[in-house]
Amino acid sequence: GYVTDYRIDNGNLVSTGSADSTDAYAGMFLVALDAAYRAAPNLSRLRAIAPSVRAAVSAIRSNQRTDGLTGAKPSYMVAYLMNQAEAFAGLTAANRLAFAMGDPLLARDARDAAGRIQTGVEQLWNPTTSAYDWASHPDGGHQTTNWSQLYPDAVSQVWAVRFGLARSDHARAILLRFLQMH
């Protein structure tokens with residue numbers, strides 16, 4: 001399942017029935033599960049939830065476009081840098097979990113999908129802005145980063161660094177620029 005968006009109706013939160021994204025949600029589920037497993041390793045519990053790990057990896061992979069980036073959800077294939085970072089982190093976590101479970105096929109699927117995201121994100125690097133473009137549309141259009149705009153522009157850059165998606169030379173440039181601007 002996915003967390004859905006909500007609206008306020010007479011002071012009550014009411015689900016809209018629509019998820020903001022499926023790629024990032026699946027990724028963050030895997031990150032949380034990996035953190036829980038590392039904090040309290042229990043292989044039998046991990047194996048019991050293995051179908052959910054596989055489903056989350058599958059959800060991310062099924063949203064991957066030909067450029068390796070993931071669409072926010074199957075019906076909305078815009079690729080957001082923040083989502084790429086969360087999906088990448090989730091796939092990296094799934095790779096570790098799969099090794100712990102002794103599932104080399106799942107480990108390879110997660111690693112390969114993470115590699116495709118990483119390759120796709122590097123194509124978003126914009127030397128003019130010294131940043132990744134923060135959105136990529138299915139028609140090939142990109143949304144360039146405006147460093148003076150905190151969200152989503154500048155925060156997206158930090159997300160890529162935080163979740164290990166940014167190349168080290170880009171990470172350094174991003175963090176220096178972020179500190180200058182914000």
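These numbers come from a predicted model, not from an experiment. Positions are given from 1 along the sequence.
A salt bridge is defined here as a Lys NZ or Arg NE, NH1 or NH2 lying under 4.0 Å from an Asp or Glu carboxylate O, and R111 with D109 fails to meet this definition. Between K73 and D23 there is no salt bridge, since no side-chain nitrogen of the basic residue lies less than 4.0 Å from a carboxylate oxygen of the acidic one.
Residues R65 and S136 have side chains that bring a donor and an acceptor to within less than 3.5 angstrom of each other. For T22 and N63, the side-chain atoms include at least one donor-acceptor pair closer than 3.5 Å. Checking Q143 against H137 by side-chain atom types alone, no donor-acceptor pair falls below 3.5 Å.
Distance CE/M181 to CG/N146: 7.5 Å, rounded to 0.5 Å. Atom-to-atom distance recorded for M28:CE and S21:OG is 10.5 Å, nearest 0.5 angstrom.
Taking the six-membered ring where tryptophan is involved, the planes of Y76 and Y80 are essentially parallel, since the angle between them stays under 30° and well short of 60°.
In this structure, Q149 contributes its side chain and D153 its backbone to no donor-acceptor pair below 3.5 Å. Side chain of N83 to backbone of A72: no donor-acceptor contact under 3.5 angstrom is found. A donor-acceptor distance shorter than 3.5 angstrom exists from the side chain of T145 to the backbone of Y132, with no hydrogens or angles considered. Remark: side-chain polar atoms of D133 are not paired, donor with acceptor, to backbone N or O of A135 under 3.5 angstrom. Side-chain N or O atoms of Q84 include one that pairs as donor or acceptor with a backbone N or O of T70 at under 3.5 Å. Side-chain atoms of D103 come within 3.5 Å of backbone atoms of L106 as a donor-acceptor pair (strictly under, hydrogens ignored). No donor-acceptor pair under 3.5 Å is formed between the side chain of H170 and the backbone N or O of L165. In this structure, the side chain of Q157 does not engage the main chain of L175 through any donor-acceptor pair within 3.5 Å. No donor-acceptor distance shorter than 3.5 angstrom exists from the side chain of W134 to the backbone of A154, with no hydrogens or angles considered. Counting only distance, with no hydrogens or angles, the side chain of S58 and the backbone of R54 share no donor-acceptor pair below 3.5 Å.
Other residues, nucleotides and ligands place no more than 12 heavy atoms under 6.0 Å from the CG atom of N10. Few gaps surround CG on L179; more than 12 heavy atoms of other groups in view lie less than 6.0 Å from it.
Between I174 and W147, some side-chain heavy-atom pair lies under the 4.5 Å cut-off. Side chains of I49 and S52 form a contact here, defined as non-hydrogen atoms less than 4.5 Å apart.
Shown here for F99 and A107, the closest heavy-atom pair between the two residues is CE1-CB, 3.8 Å.
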